[in-house]
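Keep in mind that the numbers below use all heavy atoms, side chains included, and drop hydrogens, waters and symmetry copies.
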Amino acid sequence: MKLQCDVEVVNRMLPSFGIRNRGKGVRAVLSIGKHVDKTSHRSNIYMMICTAKDRAGSRYKLKDNIEKFFTWFVEEGKATVRIKEPAVDICLSKADANSLKNFLSAARLADRGCDANSLPLSTLTPVRARDVEQPKKKLSIVSKKDYPLTSSFPYSLEQLQVSYCKLSRMDMRMLSLKALRKLDLSNNHIKKLPATIGDLGCLSELILHNNHLEAFSEALCLSTLQRTLQLLDLSQNRLRSLPAQFCQLKELVNLKLDDNELVCLPFHVGRLSSLRFLSAAHNQLAVLPGDFRKLSLENLDLFGNPFVQPNPLDHTMKLTFPLPLQELATRAVANLRLPYGPHLIPAHLCRDLEVAKTCECGRVCLNYFIKTAVSMNLHQVSHTVVLVDDMGGTDAPVQQHFCSLSCYSEFLDKSLQRGIR
């Protein structure tokens with residue numbers, strides 16, 4: 001029975017001499033196994049603690065020698081074993097909770113003098129240096145010759161950078177790094193991301209700058225990344241669009257989309273309520289989605305996009321008279337805020353409702369509408385704005401939808417009145 005964790009051995013006699021313990025654990029390997037006592041020549045069961053400074057290990061007899069177990073925080077990987085002789089407390093922390101429970105169970109059985117054959121014993125031998133090293137939290141690989149082909153990535157990594165290694169796909173070994181918070185795969189040749197990257201439940205920063213990505217999958221948008229991802233760098237790739245589900249990544253604070261081939265931003269981009277930094281310079285954006293007005297940013301960069309010059313009279317008509325029954329029904333569901341789902345209505349109608357357009361009157365339209373573009377000063381949504389063009393402008397066209405001819409006519413009247421003034 002072995003356990004890897006942090007250990008502090010506290011001598012209970014030191015305070016009586018006015019000496020304080022250091023109060024900090026070190027990485028160690030604990031083993032429970034048989035050892036032959038040199039004086040009595042009897043075989044007893046011991047707990048052995050090996051550290052980087054003492055790889056040969058210190059042994060503590062277990063049978064009838066444990067005064068108490070302190071296990072209030074065992075679910076957090078913490079426990080204390082109070083030894084009678086010598087008078088020490090063995091404080092364990094940063095252990096896997098299940099492994100710790102099994103280890104303590106074996107220690108209890110050994111203390112009670114249970115048959116050694118019924119215990120999961122280990123050989124009490126010195127440990128290797130790498131077994132007692134402090135867990136590695138950060139690893140940076142910026143050369144193909146340094147890339148680990150035969151060895152695995154340290155399980156404890158929280159930050160991993162693998163750049164300039166000509167990776168064409170993500171190494172699946174990275175998906176086992178459950179503590180990973182920052183993953184930097186910039187400057188590679190990655191074309192597609194596995195959906196299972198969403199299983200990295202702690203991932204808050206994903207950097208994919210300068211790769212060959214052509215899509216960002218719906219599965220990633222619907223994964224645990226919804227709750228954890230705060231920074232996403234997709235700049236210098238080959239993206240032409242992002243899925244509607246992209247706006248489920250509601251914890252995003254910083255989004256970089258520069259130097260792609262994007263012709264549009266996600267329809268419901270305004271749902272990214274935590275977003276504060278957005279850069280989408282040098283794409284193919286002609287107009288911004290109407291939902292863009294809902295953003296509240298600190299910094300915005302849309303330089304180098306071929307934005308159209310908005311003209312309220314230049315419009316796209318997608319209205320028929322009378323409106324189809326399906327359009328009327330789905331409008332009613334949205335306007336009356338009725339609950340819906342694939343268990344109540346067809347799945348394709350649910351998808352339509354997810355991208356419903358809002359008219360200036362406040363009502364909703366789906367597949368039948370009039371669409372035009374209006375000019376918006378980007379300072380309305382961002383404290384700092386990088387100039388949109390070389391002329392020093394900060395205005396950009398934003399889509400506007402109308403549910404009926406009367407709404408569009410009313411909008412035109414207001415526009416003309418503003419023009420006359």
Is the backbone of [Y] close enough, under 3.5 Å, to the side chain of [X] for a donor and an acceptor to pair up by distance?
{"X": "Asn283", "Y": "Leu257", "result": "yes"}
{"X": "Arg169", "Y": "Leu193", "result": "no"}
{"X": "Lys357", "Y": "Leu366", "result": "yes"}
{"X": "Ser204", "Y": "Arg181", "result": "yes"}
{"X": "Ser382", "Y": "Leu378", "result": "no"}
{"X": "Asn367", "Y": "Asp352", "result": "no"}
{"X": "Asn65", "Y": "Ile83", "result": "no"}
{"X": "Asn377", "Y": "His379", "result": "yes"}
{"X": "Ser168", "Y": "His189", "result": "no"}
{"X": "Asp184", "Y": "Ser186", "result": "yes"}

Please report the interatomic distance [atom1]([X]) to [atom2]([Y]), rounded to the nearest 0.5 Å.
{"X": "Thr358", "Y": "Arg293", "atom1": "OG1", "atom2": "CZ", "answer": "10.0 Å"}
{"X": "Asp171", "Y": "Ser176", "atom1": "CG", "atom2": "OG", "answer": "9.0 Å"}
{"X": "Leu249", "Y": "Leu255", "atom1": "CG", "atom2": "CG", "answer": "9.0 Å"}

From the options Asp233, Asn254, Asp259, Asp258, select the one residue that forms a side-chain hydrogen bond (donor to acceptor under 3.5 Å, both in side chains) with Ser279.
-> Asp258
Grab the two heavy atoms, one from [X] and one from [Y], that are nearest each other, plus how far apart they are.
{"X": "Ile141", "Y": "Cys165", "answer": "CG2-SG, 3.9 Å"}
{"X": "Gln159", "Y": "Leu180", "answer": "N-CD1, 3.9 Å"}
{"X": "Cys202", "Y": "Thr228", "answer": "C-CB, 4.4 Å"}
{"X": "Val269", "Y": "Pro289", "answer": "CG1-CG, 3.9 Å"}
{"X": "Ala107", "Y": "Ile32", "answer": "N-CD1, 3.8 Å"}
{"X": "Leu119", "Y": "Ala106", "answer": "CD2-O, 4.1 Å"}

Take Phe277 and Leu231 through the test side-chain contact (heavy atoms from CB on, under 4.5 Å) and record every step on the way to the result.
-> CA-CA 9 Å; Phe277 303 90; Leu231 183 150; over 6 Å; no
Might you confirm whether atom [atom1] of [X] has over 12 heavy atoms from other residues, nucleotides or ligands at distances under 6.0 Å?
{"X": "Lys192", "atom1": "NZ", "answer": "no"}
{"X": "Arg363", "atom1": "CZ", "answer": "no"}
{"X": "Lys191", "atom1": "NZ", "answer": "no"}
{"X": "Phe69", "atom1": "CZ", "answer": "yes"}
{"X": "Tyr147", "atom1": "OH", "answer": "yes"}

Residues 229-275 vs ring-ring contact (aromatic ring centres under 6.0 Å, His included), sequence neighbours excluded, gives Phe216-Phe246
Do any pairs count as a ring-ring contact (aromatic ring centres under 6.0 Å, His included) and have a residue in residues 339-376, sequence neighbours left out, and if so which ones?
-> Phe369-His401
Not counting sequence neighbours, which residues clear salt bridge (Lys or Arg N to Asp or Glu O under 4.0 Å) with [X]? List them please.
{"X": "Arg331", "value": "Glu327"}
{"X": "Arg271", "value": "Glu354"}
{"X": "Lys34", "value": "none"}
{"X": "Lys256", "value": "none"}

Identify, with sequence neighbours excluded, every residue that meets side chain to side chain donor-acceptor pair (under 3.5 Å) alongside [X].
{"X": "Ser93", "value": "none"}
{"X": "Ser58", "value": "Asp54"}
{"X": "Lys138", "value": "none"}
{"X": "Arg82", "value": "Asp89"}

Is there a side-chain hydrogen bond (donor to acceptor under 3.5 Å, both in side chains) between Ser156 and Lys136 once you walk through the steps?
-> CA-CA 6 Å; Ser156 54; Lys136 197 163 190 175; over 6 Å; no
Determine, stepwise, if the pair His315 / Phe402 fulfils side-chain contact (heavy atoms from CB on, under 4.5 Å).
-> CA-CA 10 Å; His315 64 272; Phe402 302 93; over 6 Å; no
Do [X] and [Y] come close enough that some side-chain heavy atom pair is under 4.5 Å?
{"X": "Cys361", "Y": "Cys403", "result": "yes"}
{"X": "Thr394", "Y": "Leu387", "result": "yes"}
{"X": "Asp6", "Y": "Val26", "result": "no"}

Test side-chain contact (heavy atoms from CB on, under 4.5 Å) applied to Ile197 and Leu206, step by step = CA-CA 10 Å; Ile197 196 173; Leu206 179 58; 4.0 Å; yes
For residues 237-244, dump all side-chain donor-acceptor pairs below 3.5 Å to protein atoms at least two apart in sequence or in another chain.
residue, atom, partner, partner atom, Å
Asn237, OD1, Asn211, N, 3.3
Asn237, OD1, His212, N, 3.4
Asn237, OD1, Leu213, N, 3.0
Asn237, ND2, Leu208, O, 3.0
Asn237, ND2, Leu234, O, 3.0
Asn237, ND2, Ser235, O, 3.1

Pair listing, side-chain hydrogen bond (donor to acceptor under 3.5 Å, both in side chains) test, anchored in residues 100-111, at least two apart = Glu75-Lys101
Full working for side-chain contact (heavy atoms from CB on, under 4.5 Å) between Lys94 and Arg27 = CA-CA 9 Å; Lys94 297 183 181 178; Arg27 200 64 184 171; 4.2 Å; yes
